[in-house]
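So that the names make sense, note that chain A is the first sequence line, chain B the second, and so on, each numbered from 1.
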Number of protein chains: 4
Amino acid sequence: MPTVTWSRLGADRRAAVVAAAEAEFAAHGFSRGSLNVIARRAGVAKGSLFQYFADKRDLYAHITEVGSQRVRRHMEDQIRRLDPSRPFFEFLTDLLDVWVAYFADHPRDRALHAAASFEVDTDARISVRAVIHRHYLQVLRPLVLDARGRGDLRPDADVDTLLSLLLMILPHLALAPYVRGIDPVLGLDELSPEQPALVVRRYVAVLSAAFAQPDHSPADRATHKGEQS
Amino acid sequence: MPTVTWSRLGADRRAAVVAAAEAEFAAHGFSRGSLNVIARRAGVAKGSLFQYFADKRDLYAHITEVGSQRVRRHMEDQIRRLDPSRPFFEFLTDLLDVWVAYFADHPRDRALHAAASFEVDTDARISVRAVIHRHYLQVLRPLVLDARGRGDLRPDADVDTLLSLLLMILPHLALAPYVRGIDPVLGLDELSPEQPALVVRRYVAVLSAAFAQPDHSPADRATHKGEQS
Amino acid sequence: MPTVTWSRLGADRRAAVVAAAEAEFAAHGFSRGSLNVIARRAGVAKGSLFQYFADKRDLYAHITEVGSQRVRRHMEDQIRRLDPSRPFFEFLTDLLDVWVAYFADHPRDRALHAAASFEVDTDARISVRAVIHRHYLQVLRPLVLDARGRGDLRPDADVDTLLSLLLMILPHLALAPYVRGIDPVLGLDELSPEQPALVVRRYVAVLSAAFAQPDHSPADRATHKGEQS
Amino acid sequence: MPTVTWSRLGADRRAAVVAAAEAEFAAHGFSRGSLNVIARRAGVAKGSLFQYFADKRDLYAHITEVGSQRVRRHMEDQIRRLDPSRPFFEFLTDLLDVWVAYFADHPRDRALHAAASFEVDTDARISVRAVIHRHYLQVLRPLVLDARGRGDLRPDADVDTLLSLLLMILPHLALAPYVRGIDPVLGLDELSPEQPALVVRRYVAVLSAAFAQPDHSPADRATHKGEQS
DNA sequence: AATGAATGAGCCTTCATTCAT
DNA sequence: AATGAATGAAGGCTCATTCAT
């Protein structure tokens, strides 16, 4: 946790430090990211960083939290806009499109997400992933539970396994188009502009087949088919 | 790629280097793994490593290849033993059980797999994952295609998406019980002995619901239930 | 020397600073002791320390003075209690026992004494030892001179050399049981409870043999034996 | 212990490192001594020091050993020259004179001895004092035992306490004339050229009174008196 | 072909002190 | 009188790579 000194700090200085740290950790991850570089680029004495944060990990955790909140805020806005009360898999499709688009437009968030995913340092990885997973689940679980409540999912649908798959699929969709070598099957990394949208639909089709209430939502299936054609 | 010098090397010396490098990279990953340590433990001059491999990355790639082949060989033996011509999802369940058991019993391979998954260095990660993914797919794709051919999968099943999901699920099952902080939903990291088996069945149930030929395999469902009891 | 600001300070604040500084210097000595830590633990701004004391060394000197006075006060009480008019070497034996017991019971004073003895910084060591030696001598010299006056010491006894030896023996007895590596002969550092008492008697026996008036004190020897039984 | 690399090193380079390290540790002790400075002054890369020694402590231990051996060699030569078979306290007087003279002429050894005596770091102090004490005792104990064997000491003389006192007196004589603030009684630090010799005689007189065989050595006493006059 | 000594930039963190508020 | 943010040098140590032998 940042120190009180940090909280009392001028907004400019704080912004400079955050910007420099985000850039550095995005570029090299936690373990390889250099406090020297961060301090230099923020125009701040090396020692000052330690007045603001207990140590490197503390700074990294803060950066992750800030970044995650930024992404989350955006997604929650979009969720409202997309109307989460619609048939679930239709809504999910749009949501994933928005998700993919966000990371396409925000390379820094993408890089931070990647850094968190690939961190070698076990403790750093644990704490940073705890933050990210918390945000993911706080957003996704209510959506999924609502959908089941509305009858969009089978009554016996294994909600946790669905969430577990979403926790794999979402980072994959965010990163695979830009990080070569992590999607050797669906070809997200040799991207043409429409490819992510296509892949989104393929994943949703699978999830729908596995979890959707078969009789319930002819609307859903209809719309879905329509989109695919 | 190893140099010619490497290929002309005595088997003992080669084995010593590989063993030392596997231990080191398994313990600390690529970025943190130390060539000094490897050379010392292999009983080889530091300079010699650079006669055998272009650089650190080259050595790492070689180690990954060797390790992947070892895992692959084991899995292919097991696949034969388990009879891949059985109903697919029944077979898949057993296969994943074997997979989980293998990594439970082989901490070094687990660590190498984790190291490859979490490598920060982008280039290293890409090349190492390319190797691993190649092996995964060379084993899995024929199995899946066969299953479809036999009618265990729906005729219109999206094989690539299935493979894509398996490529997420398999590493997850291998690592999550040991690498804290990567499974916040299903609880694989607070493991009781039977938990992995349970999680395997939950994943397979989902995949089956999504991809299995519905009419075709009452056998599948039956057997599956039988196993659970 | 403390500033005037210090002397005008509220007693609470002063006590807090002294307590924090004693703890810190006792734990880490002067060179390694941290003003940051002292300020934090005293609940005082870092800058304030520099309003009270010229610099780190000045604070350290003050702490030493305070600590020395505390030890001295205790010893003077004990001296009165033990009756310094008794035969000198008998009295000295009891005094050293008390001395050893005091440092056994007061780890903070022991640590401060050790810190003063082992300080690397030459200037700090000199000033701090000057303080301690002053107290030692102000207490010991009168005792020794009285003893000579009473005829417990040979008339030609070399009082200063006796004091010089006491100035070596007293710190040694205080610290050696706790600071490993300073007593390789008598084994004070691998202490059994009775060992210090034994060592005290060995030192006193030597001093007595060297300085006592031979004819004068059959009483001394007698009493001494009596105590031992 | 120095590495093999160190033992294979060219004599020049080795001498340069030792010289630089002696100077630095003599000047600032172990804790404050800087490897940066040592490397720079030895004209050697910082990293090279770590090829020669496991760590800072290892280097320090080596320097201490080298220095101690130098002092010991000198003293053993002198002991032979002074004829240790002479009456013990007469011989001891000469020995201490030589000892004082050596440290008067060798400021570096004096500083190293002081550094060892005042080291704050407990582990460093222990190991470094163990070395020094070992040398002290290996030289002194045989001399004392011989003296007792020859009848120069009382048969019941407490040899270990004598050694214990010598272990306090010798460093004191070596350092007190140069390190202000450690001898507030005998005035060794406000030195006139003849003062150390005087102090030596005062200490020897005390030790003689305490430990010498009273009847045995009229020669001893005679010589002693003669010297004093 | 093998060696292994040498390199020197880089790592995170601590610290006493200053000085504007 | 009190604050506490800012400083930046210095600390020990690790590392992949080079190159003369």
Checklist outcome for this item: Applying the 3.5 Å cut-off to both distances, the Watson-Crick or G-U partner of E/dG4 turns out to be F/dC19
Checklist outcome for this item: If pairing means Watson-Crick or G-U wobble with both distances under 3.5 Å, then the partner of F/dT14 is E/dA9
Specify the separation, in whole Å, of atom [atom1] of [X] and atom [atom2] of [N].
| X | N | atom1 | atom2 | value |
| --- | --- | --- | --- | --- |
| D/F53 | E/dA5 | CZ | C1' | 14 Å |
| C/L59 | E/dT17 | CG | C1' | 14 Å |
| A/F30 | E/dC11 | CZ | P | 13 Å |
| B/R32 | F/dC15 | CZ | P | 10 Å |
| B/E24 | F/dT14 | CD | P | 13 Å |
| A/L49 | E/dT13 | CG | P | 10 Å |
| D/R40 | E/dA9 | CZ | P | 13 Å |
| A/I38 | E/dT13 | CD1 | P | 11 Å |

Of the nucleotides [options], which has the atom closest to the [X] side chain?
| X | options | result |
| --- | --- | --- |
| D/T5 | E/dC12, E/dC15, E/dA5 | E/dA5 |
| D/L9 | E/dT13, F/dA16, E/dA6 | E/dA6 |
| D/A45 | F/dA2, F/dC13, E/dG8 | E/dG8 |

Checklist entry - Closest nucleotide of DNA chain F for D/G47 versus for A/G43: which of these residues is on the 5' side? => result A/G43
Next on the checklist: Tell me whether the rings of C/F53 and C/H62 are parallel (<30°), tilted (30 to 60°) or perpendicular (>60°).
Outcome noted: tilted
Next on the checklist: Classify the ring geometry of B/Y60 against B/F25: parallel below 30°, tilted from 30° to 60°, perpendicular beyond 60°.
Outcome noted: perpendicular
Side-chain N,O ([X]) to OP1/OP2 ([N]) below 4.0 Å:
| X | N | value |
| --- | --- | --- |
| B/N36 | F/dT14 | no |
| A/S34 | E/dG10 | no |
| D/Y52 | E/dA5 | no |
| C/K46 | F/dG4 | no |

When all nucleic acid strands are considered with a 4.0 Å heavy-atom cut-off, which category describes [X]: base, sugar-phosphate, or nothing?
| X | value |
| --- | --- |
| C/G10 | nothing |
| C/S48 | base |
| B/G33 | sugar-phosphate |

Checklist entry - Would the number of heavy atoms belonging to other residues, nucleotides or ligands and lying under 6.0 Å from CZ of D/R57 be above 12? => result yes
Next on the checklist: For a quick check under 3.5 Å, do D/S31 and D/E119 share a side-chain donor-acceptor pair by atom type?
Outcome noted: yes
Next on the checklist: If you assign each of A/F50 and D/R13 to its closest nucleotide in DNA chain E, which residue comes earlier from the 5' end?
Outcome noted: D/R13
Checklist entry - If each of B/Q51 and C/D55 is mapped to the nucleotide of DNA chain E with the nearest heavy atom, which maps nearer the 5' terminus, i.e. the 5' end? => result B/Q51
Checklist entry - Does a salt bridge link A/R70 with A/E22, judged by any charged N lying under 4.0 Å from a carboxylate O? => result yes
Item to check | Electrostatic pair D/R32-D/E24, nearest N-O below 4.0 angstrom | outcome: no
